[in-house]
Amino acid sequence: MIKFLDLQKITQKNADEIKAAVNRVIDSGWYLLGSEVKEFEKNYSSFSKVDHTIGVANGLDALRLIFRAYIEMGIMQEGDEVIVPANTYIASILAITDNRLIPVLVEPDLTTYNIDSAKIEEAITPRTKAIMIVHLYGQCAYNEDIQQICNKYSLKLIEDNAQAQGATFNGKPTGSLGDASGTSFYPGKNLGAFGDAGAVTTNDTELSAVIRALANYGSNVKYVNNFVGLNSRLDELQAAVLSVKLKYLKEYTNFRKQIANRYLKEIKNSKIIIPSVNDQDGHVWHLFVIRTDDRSKLQEYLLNKGIQTLIHYPIPPHKQEAYKDLNHLSFPITEKIHNEVLSLPISPVMSNEEVGKVIEMINEY
Ligand SMILES: *Cc1c(COP(=O)(O)O)cnc(C)c1O
């Protein structure tokens, strides 16, 4: 069986170094708010070319803390609107609604799966305060048109960088393109921890201080609380693991790129639509997502050939029961994407033979 993602194999690649880091933390006797988190934050800031990284408990918290901080700073308030792609993972939307802000959904481009910047301006109202772009499947969603819209209407640009650590726009890393960015180190992400973990990156010093306090009970000085905060901290063990894995991220991303390049070149089947790439160097291929009319048939066929695939995602946020008040909305492109997408195996530990088999089986379909 060609697994969709073999985390055990990925961990094995650097197991000794990771175990040494974990043992160092265990032996230190210091498990929260210590030197490992500081070190990782420094490493991740230099990787992302930003001034500040704040390690938090998970990706959803990273995103919702950004909005919460803007509310604390008086920049946003309850009922304000945030533009967000309609085909994103539910967490992007949850980060908005958790803060009693209103998500305004905008259709993606059918070929890149990223927000269609030509459709953003018509969604802007006097209540719009921010655009959240999502670098979906590892491809950078930022472009100059989006930046110009933000400048024109004085909107904050927030990046959901959960799927795209290491992606770039003209050489600039995602996570450094907007006013603030939230990312996730969920185990299956390109940079994955051994459990939940996430981070905010920003060049905004005030925002970073507010987020750091909010994530630690609203406190910057122990037992002095400036905000009604929450507990969302990155722990020392995860930070130590992430510092090791960050060193190898570029190498792992190159494996993903090589696999993606083979898929792009060698998959030839009129029933299959391969994804389009804006800027090939900048895409980190968290997922390789194809489209096809009869998805379940293809998925079953591949499974019978020993190839595991997944669907990212089967139901768009506006059709979820959780968001009943959005259920009446219609986003034909988003709905088409959710009906047709299928994610092929791609990871730093797939062999050439395995990649070849996936291509051969798809071409024979
Ligand atoms: C994974 C993910 C998140 C949430 O990250 P968690 O760490 O699981 O909370 C947010 N947005 C997108 C696009 C994601 O893929």
Test side-chain hydrogen bond (donor to acceptor under 3.5 Å, both in side chains) applied to N151 and Q147, step by step: CA-CA 6 Å; N151 297 348; Q147 188 62 62; 3.1 Å; yes
Assess the residue pair K247 and N14 against the criterion (side chain to side chain contact (heavy atoms under 4.5 Å, CB included)); give the C-alpha distance rounded to whole Å, side-chain angles, the decisive distance to 0.1 Å, and a yes or no. CA-CA 10 Å; K247 289 199 291 181; N14 310 102; over 6 Å; no
Determine, using the 4.5 Å side-chain heavy-atom cutoff (strictly less than), whether [X] and [Y] are members of one ILVMFWY cluster.
{"X": "I90", "Y": "F67", "value": "yes"}
{"X": "V82", "Y": "L214", "value": "yes"}
{"X": "L94", "Y": "M76", "value": "yes"}
{"X": "L303", "Y": "V355", "value": "no"}
{"X": "I131", "Y": "I158", "value": "no"}

Do side-chain atoms of [X] reach the backbone of [Y] as a donor and acceptor pair under 3.5 angstrom?
{"X": "K3", "Y": "Q308", "value": "no"}
{"X": "N363", "Y": "E266", "value": "yes"}
{"X": "D179", "Y": "L157", "value": "yes"}
{"X": "N58", "Y": "G198", "value": "no"}
{"X": "R212", "Y": "T53", "value": "yes"}
{"X": "K357", "Y": "K305", "value": "yes"}
{"X": "Q163", "Y": "H135", "value": "no"}
{"X": "N99", "Y": "R64", "value": "yes"}
{"X": "E107", "Y": "T334", "value": "yes"}
{"X": "Q320", "Y": "I315", "value": "yes"}

I'd like to know whether [atom1] of [X] has more than 12 heavy-atom contacts from other residues, nucleotides or ligands below 6.0 angstrom.
{"X": "E300", "atom1": "CD", "result": "no"}
{"X": "D293", "atom1": "CG", "result": "no"}
{"X": "R127", "atom1": "CZ", "result": "yes"}
{"X": "E364", "atom1": "CD", "result": "yes"}
{"X": "F169", "atom1": "CZ", "result": "yes"}
{"X": "E251", "atom1": "CD", "result": "yes"}

Quick one: closest heavy-atom pair of [X] and [Y], and the distance?
{"X": "E159", "Y": "G178", "result": "OE2-N, 2.8 Å"}
{"X": "L207", "Y": "T202", "result": "CD2-OG1, 3.9 Å"}
{"X": "G195", "Y": "P187", "result": "O-CD, 3.3 Å"}
{"X": "N203", "Y": "H52", "result": "C-CD2, 4.0 Å"}
{"X": "A240", "Y": "V25", "result": "CB-CG2, 3.6 Å"}
{"X": "V349", "Y": "E354", "result": "O-OE1, 4.1 Å"}

Ring centroid separation Y44 to F47 under 6.0 Å: yes
Kindly state whether the ring of H312 and the ring of Y113 have centres lying under 6.0 angstrom apart. no
Taking the side chain as everything from C-beta on, heavy atoms only, tell me whether [X] gets closer than 4.5 Å to [Y].
{"X": "I93", "Y": "L105", "value": "yes"}
{"X": "Y263", "Y": "I274", "value": "no"}
{"X": "P85", "Y": "L136", "value": "no"}
{"X": "M132", "Y": "L63", "value": "yes"}
{"X": "D61", "Y": "D196", "value": "no"}
{"X": "K119", "Y": "I333", "value": "yes"}
{"X": "L249", "Y": "V284", "value": "no"}
{"X": "R295", "Y": "T292", "value": "yes"}

Output, in order, the C-alpha distance, side-chain angles, deciding distance and verdict of side chain to side chain contact (heavy atoms under 4.5 Å, CB included) for T174 and T183. CA-CA 10 Å; T174 55; T183 194; over 6 Å; no
Which value, rounded to the nearest 0.5 Å, describes the distance between [X] atom [atom1] and [Y] atom [atom2]?
{"X": "S347", "Y": "L5", "atom1": "OG", "atom2": "CG", "value": "5.5 Å"}
{"X": "T128", "Y": "E121", "atom1": "OG1", "atom2": "CD", "value": "11.0 Å"}
{"X": "D98", "Y": "R68", "atom1": "CG", "atom2": "CZ", "value": "7.5 Å"}
{"X": "L230", "Y": "L65", "atom1": "CG", "atom2": "CG", "value": "5.0 Å"}
{"X": "L287", "Y": "N190", "atom1": "CG", "atom2": "CG", "value": "8.0 Å"}
{"X": "I54", "Y": "L234", "atom1": "CD1", "atom2": "CG", "value": "11.5 Å"}

Side chain to side chain contact (heavy atoms under 4.5 Å, CB included) between I115 and V134, worked out: CA-CA 8 Å; I115 194 165; V134 182; over 6 Å; no
Parallel, tilted or perpendicular: ring planes of Y301 versus Y365, cut at 30 and 60 degrees: tilted
Look at the rings of H283 and W285 and say which category their plane angle falls in: under 30° parallel, 30 to 60° tilted, over 60° perpendicular. parallel
Verify side-chain hydrogen bond (donor to acceptor under 3.5 Å, both in side chains) between Q139 and T112, making sure each step is shown before the conclusion. CA-CA 8 Å; Q139 172 151 249; T112 65; 4.7 Å; no
Could you walk me through whether V244 and V241 pass the side chain to side chain contact (heavy atoms under 4.5 Å, CB included) check? CA-CA 5 Å; V244 174; V241 169; 6.0 Å; no
Going by the side chain to side chain contact (heavy atoms under 4.5 Å, CB included) test, name the single residue among T201, N161, N43, L177 that passes it with S48. T201
Is there a side-chain hydrogen bond (donor to acceptor under 3.5 Å, both in side chains) between Q165 and H286? Walk through the geometry before answering. CA-CA 9 Å; Q165 296 100 3; H286 173 58; over 6 Å; no
Is K38 salt-bridged to E41, going by a charged N under 4.0 Å from an acidic O?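 No salt bridge links K38 with E41.
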